[in-house]
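These notes are about the structure you will find just below.
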Amino acid sequence: GLTDRLSELLGRFRGKGRISQEELDNWLRDVRRALLEADVSLSVCRHLVSQIGERARTPDVLEHPAPLRRLSQILYEELVRILGEKVSPVTWAPRPPTIWLLMGLQGSGKTTTAGKLASLYKKQGRKPLLVPADLKRPAASEQLRQIAEQVGVAFFPPDSQDLSRLCQRALRDAQDQGWDLVIVDSAGRMHSDEALMEELAQLKRLLQPHESLLVLDATTGQDAVRLAESFDSRIGLTGVILTKLDSDARGGAVLSVTFVTGKPVKFIGTGEHLQDIDLFHPDRMAARILG
Amino acid sequence: IFRSEKVDESVLDELEEALLAADAGLSVTDRLLEGIREGIRKKRFRSSKEVQDALINQIVEILPPAAPFKDQSVPSVWLFLGINGTGKTTTIAKIARWLQKRRKKPYLVAADTFRAAGIEQLKIWGDRLGAPVLCPQRGSDPAAVAFDGIQAAKAQGYDFVLIDTAGRMHTSHNLLQEMAKIYRSTQKALGREPDEILLILDGTAGQNGLSQVRRFHSVVPLTGLIVTKLDGTAKGGIVLAIAAELGLPIKAVGVGEGVDDLEPFDPQAFARSLLG
Ligand SMILES: Nc1nc2c(ncn2[C@@H]2O[C@H](COP(=O)(O)OP(=O)(O)OP(=O)(O)O)[C@@H](O)[C@H]2O)c(=O)[nH]1
Ligand SMILES: Nc1nc2c(ncn2[C@@H]2O[C@H](COP(=O)(O)OP(=O)(O)OP(=O)(O)O)[C@@H](O)[C@H]2O)c(=O)[nH]1
Ligand SMILES: [Mg+2]
Ligand SMILES: [Mg+2]
């Protein structure tokens with residue numbers, strides 16, 4: 001990964017102190033390659049490389065005894081900064097119920113993540129209600145129902161094909177039955193599908209959720225920037241959940257998404273079991289992206 | 001895609017950007033542009049359109065040719081594999097429909113016995129198509145289910161057996177071993193190799209797609225890929241890196257969630273859309 005190449009470069013220049021323009025250019029080219037290999041989007045790569053290149057012309061680096069090591073540190077810090085710097089908390093309603101809406105591309109892990117969130121917060125004393133708002137995919141609500149049963153949380157059985165009726169009834173039920181966390185699972189959709197994006201915008205208007213979370217597959221490539229811009233501008237996000245981190249994907253897509261939307265990553269999915277969810281740590285993710 | 005009309009090395013930057021944005025990856029992009037750079041230096045191109053056409057031809061050369069499915073034996077048995085959420089179950093429905101249009105009789109085997117409603121999802125598709133589905137108990141051994149499915153299809157005179165499996169991360173040794181066991185089980189049921197061992201790859205995948213194919217292929221002999229979700233804005237360029245390294249045939253592409261949303265792989269059209 002990048003760290004191996006960096007230490008190799010540093011080894012070559014040990015004891016030299018100053019860096020030449022050529023050494024810097026080679027190093028910046030290596031950084032760009034490493035980020036692209038990690039699936040960071042082109043535009044974000046370009047921004048990062050130019051940013052780091054600027055920092056290289058400052059005394060902080062030029063007069064540093066080990067300038068390339070200092071630059072690697074700056075690069076890491078810049079990634080951590082883009083990724084949000086610290087763990088980002090979820091939003092709770094001042095009065096229950098709190099409503100969270102999950103959205104994203106087909107197969108990104110929304111339904112499973114809904115179950116993981118319910119399981120996590122049940123353990124913390126909340127009373128989650130899982131609401132299946134994917135009325136299209138074969139057995140989608142059955143999938144969520146089975147997950148709810150496995151986790152031991154309430155499930156709102158969909159009684160109609162009308163999303164607005166479903167939402168109104170689910171929210172009223174939550175009020176009446178005292179469920180304080182309503183997690184709504186929506187159907188996967190392409191951000192380029194105008195009709196489905198309009199449906200999602202409508203769903204959000206009906207729910208007025210406290211969190212609108214993009215569920216993003218960590219294996220996503222360059223498409224991450226397009227889909228993030230689209231979901232954020234068209235629907236509005238409050239955060240991101242990055243799934244399938246148990247793959248060996250470097251996960252650069254998440255850097256692109258946070259850079260382009262400015263929204264924090266709140267959780268990560270690390271497996272297909274319902275306990276495989278963790279809080280997001282920017283520093284760990286930065287290290288993973290850099291390989 | 002060109003902003004400039006003159007044919008000089010600045011055109012290479014635009015091409016590089018298009019290829020990288022399409023997920024072709026650095027190594028394939030460098031390799032493709034090397035040929036183009038050579039052509040520009042030797043003044044072989046009179047317009048940017050000629051440059052683009054040359055690049056498209058180079059891409060087509062890397063890509064595998066259109067490959068038909070193996071359907072000669074009876075029953076023809078196809079295994080659908082891949083990481084979580086790539087479109088295996090939906091693709092089986094599409095293939096079943098495609099076979100029915102050719103007057104074939106597909107038999108579906110719901111061997112994803114792990115995931116919530118994995119069996120039910122395939123059953124609904126089967127019911128919609130009027131195709132039989134073997135539905136085991138959740139949690140039963142997928143290798144045994146695959147075996148039973150093939151035997152049942154043979155006994156009942158079906159000519160195609162499509163076997164759905166659970167999504168599995170290529171980073172999980174245990175799940176890859178389970179997959180190997182399912183594969184061996186199909187060999188036992190048939191007394192020969194299954195006809196297709198297909199990796200279903202998400203078209204939105206970045207460089208990880210290559211890792212997936214490498215690892216799956218190191219455990220079972222894949223006969224081809226099906227690339228899904230190319231109806232969005234992702235270009236599926238990782239397919240180039242996979243082609244350059246492994247040369248596996250691409251048997252079809254998924255272009256939507258409906259049962260008719262499957263197209264044969266067309267290298268020319270794919271190459272054009274990569275740059276378009
Ligand atoms: N390995 C792994 N698998 C995951 C993770 N999150 C979800 N999955 C799996 O990914 C597949 C897709 O998950 P779903 O929850 O059905 O995805 P979805 O976004 O609801 O899909 P659609 O509703 O069709 O858009 C399932 O096999 C899940 O078990 C994760 O973090 N790691
Ligand atoms: N837009 C689009 N969606 C697709 C395509 N193929 C599959 N999908 C959708 O992707 C999601 C996941 O599809 P599945 O068939 O459940 O995927 P899978 O590989 O069987 O998932 P697991 O069994 O959980 O690993 C569903 O919402 C499908 O409708 C495609 O070509 N285009
Ligand atoms: Mg779902
Ligand atoms: Mg499936």
Side-chain angles (χ1 to χ4, degrees), chain A residues 32-34 36-43 45-46 105-112 115 136-150 187-193 217-227 230 243-244 246-253 269 271-272 274, chain B residues 16-18 20-27 29-30 83-90 93 114-128 138 166-172 175 201-209 211-212 215 228-229 231-238 256-257:
Chain A
R32 178 179 180 264
R33 289 190 79 86
L36 284 171
E37 279 167 16
D39 290 322
V40 178
S41 79
L42 268 172
S43 54
C45 278
R46 198 172 300 132
L105 257 52
Q106 288 89 348
S108 63
K110 299 172 291 298
T111 306
T112 309
K136 197 181 62 177
R137 167 174 150 156
S141 57
E142 176 60 16
Q143 181 185 5
L144 192 62
R145 194 197 62 72
Q146 288 185 14
I147 286 171
E149 186 172 329
Q150 208 172 318
R189 69 202 68 225
M190 289 296 181
H191 53 284
S192 49
D193 186 325
D217 186 330
T219 68
T220 308
Q222 294 288 317
D223 206 43
V225 151
R226 296 167 216 139
L227 79 94
S230 197
T243 63
K244 305 184 198 173
D246 48 316
S247 68
D248 53 354
R250 299 258 290 278
E272 53 193 355
L274 295 169
Chain B
E16 185 193 51
E17 190 158 325
L20 290 176
D23 285 306
L26 283 163
S27 127
T29 298
D30 287 349
I83 70 162
N84 309 74
T86 58
K88 298 174 289 301
T89 306
T90 309
F114 168 75
R115 207 206 68 206
I119 295 161
E120 290 87 331
Q121 184 185 359
L122 189 67
K123 176 81 172 100
I124 290 175
W125 278 118
D127 289 349
R128 285 183 187 177
R138 188 178 174 190
R168 68 198 64 239
M169 263 319 156
H170 53 299
T171 45
S172 163
L175 294 181
L201 185 70
D202 191 321
T204 67
Q207 298 308 300
N208 195 250
S211 175
Q212 293 170 34
R215 297 228 193 164
T228 61
K229 307 182 196 172
D231 47 305
T233 53
K235 305 284 181 149
I238 190 58
E257 302 195 73

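Below, chain A is the first sequence line, B the second, and so on; all start at residue 1.
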Query - chain A contacts, top residue of B:Thr86, B:Ile83, B:Asp30 (heavy-atom pairs, under 4.5 Å) - result: B:Asp30
Requested in this report: Just jot down the side-chain contact (heavy atoms from CB on, under 4.5 Å) partners of B:Thr90, sequence neighbours excluded, or say none.
Outcome: B:Lys94, B:Gln121, B:Trp125
Query raised in the report: Taking all non-hydrogen atoms of both residues, which atom of A:Arg226 and which atom of B:Ala234 are closest, and how far apart?
Result: NH1-CA, 3.9 Å
Report summary line: Interatomic distance, CG@B:Leu26 vs CD@A:Glu37, rounded to 0.5 Å, equals 5.5 Å
Report task. Kindly give the heavy-atom pair with the smallest separation between A:Ser192 and B:Gly232, and that separation in Å. Result -> OG-CA, 3.7 Å
Query raised in the report: Side chains of A:Glu272 and B:Leu175: does their closest heavy-atom pair fall under 4.5 Å?
Result: yes
Requested in this report: Looking only at non-hydrogen atoms, find the nearest pair between B:Ala116 and A:Ile147 and report the distance.
Outcome: CB-CG1, 4.0 Å
**Report entry** Residue A:Arg46 versus chain B: region with a heavy atom under 4.5 Å
**Finding:** side chain
Requested in this report: Not counting sequence neighbours, which residues clear salt bridge (charged side-chain N to carboxylate O under 4.0 Å, His left out) with A:Lys244? List them please.
Outcome: A:Asp217
Query raised in the report: Would B:Lys123 and A:Glu142 count as a salt bridge (charged side-chain N to carboxylate O under 4.0 Å, His left out) if you check the C-alpha gap in whole Å, the side-chain angles of each, and the deciding distance to 0.1 Å?
Result: CA-CA 12 Å; B:Lys123 176 81 172 100; A:Glu142 176 60 16; over 6 Å; no
Query raised in the report: Any side-chain heavy-atom pair from B:His170 and A:Asp248 closer than 4.5 angstrom?
Result: yes
Report task. Name the option with the most non-hydrogen atom pairs under 4.5 Å to chain A; the candidates are B:Gly167, B:Ala21, B:Ser211, B:Gly87. Result -> B:Ala21
Query - chain B interface, residue from A:His191, A:Glu149, A:Arg137 that has the most non-hydrogen pairs under 4.5 Å - result: A:Arg137
Query raised in the report: Looking at B:Gln212, B:Met169, B:Arg138, which one has more heavy-atom pairs under 4.5 Å with chain A than the rest?
Result: B:Met169
**Report entry** A:Arg32/B:Glu16 under salt bridge (charged side-chain N to carboxylate O under 4.0 Å, His left out): CA gap, chis, key distance, verdict
**Finding:** CA-CA 13 Å; A:Arg32 178 179 180 264; B:Glu16 185 193 51; 3.2 Å; yes
**Report entry** A:Asp39 side chain to B:Gln207 backbone, donor-acceptor under 3.5 Å
**Finding:** yes
Query raised in the report: Atom NZ of B:Lys229 and atom CD of A:Gln106: how far apart are they, to the nearest 0.5 Å?
Result: 6.5 Å
**Report entry** Heavy-atom pairs under 4.5 Å with chain A, option from B:Thr204, B:Asp23, B:Ile124 with the top count
**Finding:** B:Asp23
**Report entry** Engaged part of A:Leu105 at the chain B interface, taking heavy atoms whose separation is under 4.5 Å
**Finding:** side chain
Query - Check: A:Thr219 side chain, B:Ala205 main-chain N or O, donor-acceptor pair, under 3.5 Å - result: no
Report summary line: Note: B:Ala117 and A:Gln146 closest approach over all heavy atoms is N-OE1, 3.0 Å
